[in-house]
Amino acid sequence: MTLADHRASRMIADPYRLYDCSLETDGAAAVILTTIDRSRDGANVPIELAGFGEGHPDSPDDLVNRPSLLASGVGAAAKWALTMAGIAIDDVDAAMLYDPFTAQVLIQLEEIGYCAPGEAGPRVAAGETSLGGRMPVNTHGGLLSEGHMSGLNHVLEAVRQLRGSCGERQVVDAAHVLVTGWGDLGDGTASVLRRAS
Amino acid sequence: MSRPVPDIDDPLHGHFFAAARRHELRIPRCVRCRRPSWPARIRCSACGGFEFDWTIVAPTGALYSWITVHQALHPGFADRLPYVVAIVELDDLPGVRVLGNVVGDVTLEPHMRMTAVFENLDEHAALVHWTALTESEIEDRTVGRSSPSRQEE
């Protein structure tokens with residue numbers, strides 16, 4: 001898809017055009033959670049769930065009367081997850097951000113502390129979230145370009161990046177990947193996955 | 001298929017639409033702490049109170065945000081496309097924002113002055129829409145700030 005294709009697509013709800021919206025997709029994904037000790041006997045390189053968190057905007061059930069329309073719970077969730085993992089946002093090598101619509105990626109980049117409010121757009125445009133950039137985002141295409149499988153495909157991509165099995169879209173030496181989820185009116189989750197040492 | 005209509009027996013928001021049928025904009029206030037409780041809830045989120053007065057407020061405010069919908073998300077709206085959904089922050093209750101459609105041929109600007117327009121659906125309920133407040137109306141309302149609607153409280 002080119003920028004021209006995007007701009008030629010029909011308007012759904014201004015300013016979202018067709019290609020700003022993900023398509024809920026039939027599919028299935030699964031992960032196996034177990035202890036680190038047991039995982040070492042598995043066929044694949046184990047990946048550690050190093051941190052996780054949950055957060056909610058106030059009010060959780062009403063978008064219109066929040067102090068900020070853009071507020072979600074992802075920022076608080078990411079803070080918990082990063083703290084539990086003992087790392088800072090600058091240590092994140094790649095991020096799989098829940099992307100039902102395009103702007104949600106920009107909002108989350110600011111909420112998770114990657115950049116200051118208002119900076120996300122220019123930073124994405126400058127290539128910081130592309131492969132080879134400062135923090136590649138949604139290397140699998142995300143909900144928007146791979147498929148909307150409720151975000152579990154983001155977890156799979158994080159695991160694949162950490163195992164080094166992503167081929168031409170591999171993030172070099174990926175050691176920590178942040179995964180976020182976004183539900184309903186901005187309920188947020190975040191996880192930090194890392195290569196088990 | 002026709003548009004969904006509000007249920008005036010709804011325990012939370014029924015009063016809002018019934019008041020709109022009388023062309024009044026009413027917002028619940030907690031009897032205990034007097035804070036507005038909007039959107040309506042079973043309990044006051046500030047103090048936990050259970051009782052509310054549905055208070056008349058001036059049907060004017062400032063445009064906070066809006067979108068234009070181009071795809072019918074419910075078949076009852078298909079013949080209305082495109083339509084605007086706006087958020088208006090009320091003059092009388094700063095921080096309290098009410099949703100509605102924008103009616104009339106209005107070029108929207110952030111923070112522009114808006115006034116409610118009531119669309120009667122039947123004898124029981126009306127919808128609250130919004131349109132631009134004209135210069136002369138702004139002057140009238142500034143002059144008559146202790147507006148008649150407030151004396152009815």
Side-chain angles (χ1 to χ4, degrees), chain A residues 1 4-25 54-73 76 99-108 110-111 117-118 120-121 143-144 148 182-188, chain B residues 12-13 16 25 27-30 35-48 57 61-74 77-78 80-90 92-102 106-111 114 128 130:
Chain A
M1 190 198 310
D5 292 334
H6 169 268
R7 289 186 176 159
S9 67
R10 66 189 163 89
M11 197 67 88
I12 302 294
D14 187 8
Y16 282 153
R17 294 181 178 278
L18 181 67
Y19 294 140
D20 291 299
C21 306
S22 62
L23 187 65
E24 289 195 4
T25 312
E54 172 183 343
H56 304 273
D58 185 17
S59 298
D61 65 348
D62 174 52
L63 280 169
V64 173
N65 286 274
R66 285 176 196 165
S68 168
L69 279 187
L70 300 183
S72 86
D99 57 330
F101 305 96
T102 42
Q104 267 63 27
V105 174
L106 304 180
I107 292 169
Q108 288 175 84
E110 296 174 2
E111 280 217 352
L143 307 181
L144 285 163
H148 190 318
W182 178 306
D184 286 343
L185 305 178
D187 299 314
Chain B
L12 286 179
H13 289 95
F16 180 81
L25 189 63
I27 299 291
R29 273 179 183 271
C30 175
R35 290 188 181 90
S37 181
W38 185 255
R41 296 181 189 284
I42 295 170
R43 299 191 70 176
C44 171
S45 58
C47 81
V57 297
L63 182 61
Y64 185 77
S65 188
W66 74 92
I67 59 164
T68 306
V69 179
H70 293 262
Q71 172 165 314
L73 300 174
H74 182 286
F77 293 89
R80 294 166 184 270
L81 296 175
Y83 62 87
V84 175
V85 178
I87 301 172
V88 174
E89 185 157 324
L90 299 181
D92 280 357
L93 299 173
V96 171
R97 307 185 192 124
V98 178
L99 273 174
N101 292 142
V102 171
V106 181
T107 302
L108 298 175
E109 301 285 344
H111 312 301
M114 306 292 282
V128 177
W130 297 92

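Lettering follows sequence order; numbering is per chain, from 1. No experiment lies behind these values; they were computed from the predicted model shown.
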task = Starting at CG of A:Asp62, measure out to CZ of B:Arg41 and round the result to the nearest 0.5 Å.
result = 6.0 Å
task = Mark yes when over 12 heavy atoms from residues, nucleotides or ligands other than B:His74 sit less than 6.0 Å from its NE2; otherwise mark no.
result = yes
inquiry  = Less than 4.5 Å to any heavy atom of chain B: does that hold for the side chain of A:Arg10, its backbone, both, or neither?
reply    = side chain
ask   = So how far is it from B:Ile67 CD1 to A:Met11 CE, rounded to the nearest 0.5 Å?
value = 11.0 Å
task = Looking only at non-hydrogen atoms, find the nearest pair between B:Ser65 and A:Leu69 and report the distance.
result = CB-CD1, 3.8 Å
key: Separation between CZ of B:Arg97 and CG of A:Leu63, rounded to the nearest 0.5 Å   = 11.0 Å
key: Side chain, backbone, both or neither of B:Ser45 within contact of chain A (heavy atoms, under 4.5 Å)   = neither
query = With a cut-off of 6.0 Å (strictly less than), are more than 12 heavy atoms of other residues, nucleotides or ligands near OH of B:Tyr83?
reply = yes
